[in-house]
Amino acid sequence: MAIYINKQTRVLVQGITGKQGSFHSGQMLEYGTGIVGGVSPGKGGQSVEGVPVFDTVFEAMEQQPAEASILFIPAPFARDAALEALDAGIKLLVLIPEHIPLHDAMDIMAYAKTKGAVVVGPNTFGLVSSGQSKIGIMPNKYFIPGPVGVVSRSGTLCYEIVGHLTASQTGTTTVVGLGGDRVVGLHFIDVLKQFEADPETKAIVLVGEIGGSAEEEAAEFIAREIKKPVIAYLAGKSAPPGKRMGHAGAIIERGKGTFDGKVKALTAAGVKVAALPAEIVQLIKEKI
Amino acid sequence: MAIYINKQTRVLVQGITGKQGSFHSGQMLEYGTGIVGGVSPGKGGQSVEGVPVFDTVFEAMEQQPAEASILFIPAPFARDAALEALDAGIKLLVLIPEHIPLHDAMDIMAYAKTKGAVVVGPNTFGLVSSGQSKIGIMPNKYFIPGPVGVVSRSGTLCYEIVGHLTASQTGTTTVVGLGGDRVVGLHFIDVLKQFEADPETKAIVLVGEIGGSAEEEAAEFIAREIKKPVIAYLAGKSAPPGKRMGHAGAIIERGKGTFDGKVKALTAAGVKVAALPAEIVQLIKEKI
Amino acid sequence: MKLYEYLGKELFKEYGIPVPRGQVVVSAKEAAEAAAGLGDVVIKSQVLSGKRGKAGGISFASNPEQAHEEAGRILQMKLNDLVVEKLLVEEKLQIEQELYLALTVDGSAKRPIVLASLDGGMDIEEVPEERMIKWPIDISIGMQDYTVREICRRLGVSGQLQKEFLSFMPKLYQLFRDLDAELAEINPLAVTPQGLVAADAKVTIDDDALYRHPTLPKIKEKTALELRAEELDLAYVELDGNIAIMANGAGITMATLDMVQHYGGQPANFLDFGGGADVERTSQALELLLGTNPKVLLINIFGGITRCDVVAEAFVKVRDSKGFDLPVSFRLVGTNETEGKAILEKAGIRVFSTMDDAVRRAVESARAS
Amino acid sequence: MKLYEYLGKELFKEYGIPVPRGQVVVSAKEAAEAAAGLGDVVIKSQVLSGKRGKAGGISFASNPEQAHEEAGRILQMKLNDLVVEKLLVEEKLQIEQELYLALTVDGSAKRPIVLASLDGGMDIEEVPEERMIKWPIDISIGMQDYTVREICRRLGVSGQLQKEFLSFMPKLYQLFRDLDAELAEINPLAVTPQGLVAADAKVTIDDDALYRHPTLPKIKEKTALELRAEELDLAYVELDGNIAIMANGAGITMATLDMVQHYGGQPANFLDFGGGADVERTSQALELLLGTNPKVLLINIFGGITRCDVVAEAFVKVRDSKGFDLPVSFRLVGTNETEGKAILEKAGIRVFSTMDDAVRRAVESARAS
């Protein structure tokens, strides 16, 4: 098992004929992802990596019904493409682009809610159920099956940590990138709930960062609902207050979202917080 | 049993301090309806017929949680009141007012859908689960418990028919007024589905009229899904084409929605169509 | 409320929807002047009737003299009983293709719906079902680009024409929503060398929402009696028979008409005076009916919101002040039935308890008189 | 992008939100002229910093002479290191009560949220939690009258003031949505004899949506290097240390900084050059870093979208053209790792496989130099 996606998940790629879309379609296919179609307005009838391309999501859904879609669409057009996917019946939408306007993201989330759909991102590397299906842009080789569920706000840092796990032969069930924007579809809590219910996930790694209140909310939820061991790593210990560190979330304002506050909240919830990424491996091994 | 509402249903009355709102609150209470609160902006703290009045639906829901709400609000303000009820968590909304603008009705229905709520009306007499709860404006005395489910597009005509049933000691499970406007929340099909599933409903009376395609859609659905006997009466046999007969629906245009077409569709679905309202009684008696 | 073509086109213009250059005129002289600047023109009668073309209400002219002549001719016509008071004189478009595009309300889906077809220009009911694209709009997000692309794909439209649609359709949707339209129809939607142009405009505004659009002109195409009924907020339709009918509720009023016909009578009208009327409104409704000089008066009241005593009181009041003596068939049951019956019986009026009895009596009376 | 108060107020005006009468000026002379028509005035420095009042950046005057004097004084100030270039001279309001009202984005709820309090005027962080009303807005229907009524009820506001809110709040919401605002804050929102007036305006526009608002002025409050980084679409923040850091991804860049500090080093900056950068952008990022004259250069690449060979190639190119010789600690793994390592090793640069090793080496080098 795994969460959100598996071997059977049928996937569309929106923006498949672009540079990123075509490259990552190849990577995903190589990983084993069940890509059944691509969408690029005006490019219907072509094929990319052997995948048929359609003009609209509705057309793709008629010809090649899918449950999930991943977007490689420039930020200004992402809202339209996302709403189209949701309107056409996509139930899991992965938004890769960064710089999607905040109000567009709110529009997408509001519409997804009315449609009962799950949105991953925006500004995410996607998600992968190791050994089964990858809907995202992460490097294939680090994601091998195993007992650890990983959920992260940032991308490369997550690869770093999964890389350590992989190097020590500890694989993952599912790895979910929440995305670095202020408004994203999935929060830690949503994913933790899924991991708790997934029998194959034996321990959970939470990769957070300063700014916002997602880690504090997660801590509260963990204390209340999560029985499985949770290990955390948080980035931003050294960040000076008031400076925006890349992600919209990674800014410390008004005394909220500080490193110390987050560590305190997580520790109180029984979560071990690693001081360095590499320590995660040892902490996980102690738990499983 | 009954459908949509019963003895336990907790009801709010929006616009309770108005002339209609207060009169019909009294009538509903007399019938046994579980009215738990009223809402009239600016009138919070008063009481009407012993029912506490609140300024907003949110306040009412905090103090006196309810599942259903009935609106006695002038048409220009009905949209706002309806959206408020839905936003505050009302799951069954009965819209009594007529002349609600069409686009307002569409707004209300779209929002109700996102909230998973049922809307009855607008321009309806409401609904009643006989002997249990009445959320509407129909005269109390005609609605006695019994085995017949009734669903109608028009109000007084429905009373006429239920009056005939009552006079012959044939009671009703639930009587639902769909409302006479072009955009209404419940359609025949929705209610038929509920009646089919309700063990106490032994036969169904469908009261339709010319215009629109609701009866044709109902006929198709009955043929496919309804096992219980259905008797229909249709108004408008004598109406000349192209004239609008009161209801927005009751207009024959483009050769659609004619009396003959509807009778044909219903008959083909095994529905007996009565020539006069009074005939319904005999036809029902043959079936139960 | 249906809008005249020229009003619809003025609204289109406001919303950035291209329409032909043109002018509204009321005389042949003005038509000639308008034509002067436009080259080849089309002259269109402004009446609220379809099929103006077939009825001779649309004509063409290549110069002001011809325009004068044609305008004069059309201004003397009656189209489906409607007097032609205004003409729209417009440039004649270079039409490459005639499409059809409309937004209306889909009662089944409870949503706005786009209707689009490549077969414009003709009577739209003649377009085969499979050549008409129907696409509902989710009101919570409105019309998005992807909606337009999907409709274009279904139409088989791409390239430049799709680009035009991407700009055109959201404007029409906005107009439809902003103006509380029941229908916003363009037929034909002309493909010209200059792009898409709305060659016609049929816009109907929801009567119940007119209060939100105070700047729209009031357009009436009703008889004096119907107008009077509208003032009184009564649903009234004139018919050809001799039994005047008054009931409370559209459904039961229709059913009363049906029953009159069932028993061989001829309804003179449809009058639904609605629910919860007071003495005054009830009196006004009665007076309106009596003004039509019917042979028989049939009143069918099933009181719910409507109170029987109020109707009875109003009836007696009107009868006493007007002193009419035509036969009345009165059915009265429901809320405050006892009080109502007492009032009528005291005034010497027989009251029926069933619709059947009352209708049969009315038909008999009409035959006898 | 934060907007100056006067720009925020111009937008408010466009949306029909009442603001004090006033004028933007750049000199004491202009301030005096502006004050002439306004009676008692308030003179407010236009800088993007809170707490202008406490810092002396807001003053009052009862006549043009005073206004001249005060304006002259403020125009010579620096507020939190920001030069005062413009002043807003406004009528002094007759304030009966100071409220707080804001719209912002609630990341947890993924919705707009209204913040409202009767305790306006003060630093809003000092308002007790229970005195601050927070009310999320359902974007699919926007702000409705009932929302305003509910917020008013929670505030304990009724009567005339509630009526004012019913007109005021939907306008602010519209502005917030139309302008892609992250924040639209009014503090204080003044209750005056003439009604509600926005006595201040703090509007922040989403940087990612600026392309949709080409008429807004570009406002910068960054250092030259940060501006250069912005041009290059790099996330760059200057810090005080001596180890220049470059990594790909915000999280891992932060983690690199943390690790540097963990091992006793001092980061000179935060530079996330993002994912999928090509040779040119990578070179530009490197050049920018070298321009800050760090002691050590630490590069931490975990290639995903980013290709290791591209980064390696760019690095060698910049080194060869610039000829720098500061110590470099290079970590390189991920996509095309083998090719990248080969390029670097051929150029004589040692490559680390773990972040830990690279960071420790960088800290040692910084200490040694």
Side-chain angles (χ1 to χ4, degrees), chain A residues 12-17 37-46 52-64 69 71-90 93 95 100-101 103-117 119, chain C residues 16 99 101 103-106 108-118 129-174 176-178 191 195-196:
Chain A
L12 296 181
V13 179
Q14 289 177 259
I16 195 171
T17 57
V39 178
S40 278
K43 304 280 172 67
Q46 301 184 5
V53 179
F54 303 95
D55 279 321
T56 70
V57 181
F58 287 95
E59 187 186 14
M61 292 291 272
E62 277 172 21
Q63 303 293 321
Q64 295 282 89
S69 184
L71 252 76
F72 296 99
I73 301 273
F77 310 107
R79 176 181 181 277
D80 190 64
L83 296 180
E84 181 183 13
L86 294 168
D87 196 4
I90 288 295
L93 187 61
L95 302 177
I100 292 181
H103 285 255
D104 289 2
M106 288 197 289
D107 288 346
I108 294 168
M109 301 315 158
Y111 195 51
K113 198 176 166 195
T114 76
K115 292 286 184 175
V119 178
Chain C
L99 314 177
L101 182 64
L103 266 155
T104 185
V105 174
D106 180 347
S108 299
K110 309 166 204 173
R111 289 180 174 194
I113 189 167
V114 176
L115 305 175
S117 175
L118 296 183
E129 192 78 359
E130 71 278 7
R131 300 272 301 164
M132 176 65 78
I133 307 303
K134 295 178 182 174
W135 196 257
I137 303 297
D138 189 335
I139 221 169
S140 68
I141 56 170
M143 184 178 284
Q144 301 293 328
D145 283 357
Y146 76 80
T147 320
V148 182
R149 287 200 309 269
E150 179 62 21
I151 292 168
C152 284
R153 183 182 74 79
R154 285 167 187 258
L155 283 173
V157 158
S158 60
Q160 182 55 32
L161 195 49
Q162 177 180 311
K163 261 190 205 150
E164 299 239 359
F165 268 112
L166 280 165
S167 141
F168 198 98
M169 285 182 54
K171 290 171 187 165
L172 189 64
Y173 180 76
Q174 201 57 47
F176 173 77
R177 289 283 290 162
D178 288 354
V191 182
L196 289 173

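Residue numbers start from 1 in every chain, and the chains themselves are labelled A, B, ... in the order their sequence lines are given, proteins ahead of strands. Because the structure is predicted, anything quoted here is derived from the model rather than measured.
- Between chain C and the options A:D55, A:D80, A:T56, heavy-atom pairs under 4.5 Å are most frequent for A:D80.
- Residues from residues 103-117 of chain A that place a non-hydrogen atom less than 4.5 Å from a non-hydrogen atom of chain C comprise A:Y111, A:K115, given in numerical order.
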List the atom pairs, donor and acceptor, that lie under 3.5 Å between side-chain atoms in residues 158-170 of chain C and the rest of the protein, sequence neighbours left out.
{"unit_1": "C:E164", "atom_1": "OE1", "unit_2": "C:L196", "atom_2": "N", "d": "2.8"}
{"unit_1": "C:S167", "atom_1": "OG", "unit_2": "C:K171", "atom_2": "NZ", "d": "3.3"}

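- For residues 142-157 of chain C, heavy-atom neighbours of chain A at less than 4.5 Å comprise C:Q144, C:D145, C:Y146, C:R149, C:E150, C:R153, C:R154, sorted by residue number.
- A:F58 pairs by the ring pair (Phe, Tyr, Trp, His ring centres under 6.0 Å) definition with C:W135, not counting sequence neighbours.
- For the atom pair CG of A:D87 and CD1 of C:I141, the computed distance is 5.5 Å after rounding to the nearest 0.5 Å.
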